[in-house]
Amino acid sequence: MYELKEIKEIRKKFGLTQTELAKKAGVSQSLIAKVEAGLLDPTYTNARKIFDALDSLTQKHEMKAEEIMT
């Protein structure tokens with residue numbers, strides 16, 4: 001599980017803009033901006049949407065053991 005303060009760091013790690021993350025999560029860009037700035041605590045539903053979008057990005061970029069084993 002992520003912390004709200006980690007959203008910006010993770011988003012930048014994957015090279016996404018706030019708008020791109022917002023589209024993937026199904027929320028507004030302004031919500032992402034306010035959460036990242038610490039100005040707003042999102043509802044549970046919106047936080048879950050953001051974290052689910054981040055999880056899907058993490059899973060896409062995660063290497064599997066079978067990809068590196070010889």
Side-chain angles (χ1 to χ4, degrees):
M1 192 64 158
Y2 301 109
E3 296 281 332
L4 290 174
K5 61 185 175 186
E6 296 176 303
I7 293 173
K8 184 175 185 176
E9 179 183 322
I10 296 166
R11 175 181 62 78
K12 287 191 172 198
K13 179 176 132 181
F14 291 112
L16 292 176
T17 64
Q18 289 178 344
T19 303
E20 291 168 334
L21 177 57
K23 284 181 184 178
K24 289 184 183 299
V27 297
S28 68
Q29 178 274 329
S30 64
L31 176 72
I32 300 289
K34 290 174 185 174
V35 170
E36 286 183 355
L39 300 175
L40 177 75
D41 285 331
T43 63
Y44 175 80
T45 303
N46 284 337
R48 184 80 255 148
K49 288 178 183 179
I50 295 168
F51 293 143
D52 286 346
L54 293 173
D55 278 340
S56 71
L57 291 170
T58 302
Q59 290 173 2
K60 286 181 184 177
H61 292 88
E62 197 172 272
M63 290 188 74
K64 307 264 188 270
E66 66 185 21
E67 296 172 346
I68 59 172
M69 64 186 226
T70 56

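All figures in this text were calculated on a predicted structure; none of them were measured in a lab.
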Thr43-Thr45 side chain donor-acceptor pair, cut-off 3.5 Å:
no
Notebook entry, point to check: By side chain to side chain donor-acceptor pair (under 3.5 Å), which residues pair with Asp55, not counting sequence neighbours?
Noted result: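 Expected list: Tyr2.
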Check: Any side-chain heavy-atom pair from Val35 and Asn46 closer than 4.5 angstrom?
Finding: no
| field | Gap between atom NZ of Lys13 and atom CG of Leu54 - 0.5 Å precision | value |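 These two atoms lie 10.0 Å from each other.
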In this structure, CZ of Arg11 is separated from CG of Leu16 (nearest 0.5 Å) by 7.5 Å
Listing, residues 18-25 side-chain donor-acceptor contacts under 3.5 Å, not counting sequence neighbours, or none:
{"from": "Gln18", "atom 1": "OE1", "to": "Gln29", "atom 2": "NE2", "distance (Å)": "2.6"}
{"from": "Gln18", "atom 1": "NE2", "to": "Glu36", "atom 2": "OE1", "distance (Å)": "2.8"}
{"from": "Glu20", "atom 1": "OE1", "to": "Thr17", "atom 2": "N", "distance (Å)": "2.9"}

Please check if the number of heavy atoms outside Asp41 that lie under 6.0 Å from its CG is greater than 12.
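Open.
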(Q) Does Glu9, at its CD atom, have more than 12 non-hydrogen atoms belonging to other residues, nucleotides or ligands within less than 6.0 Å? (A) no
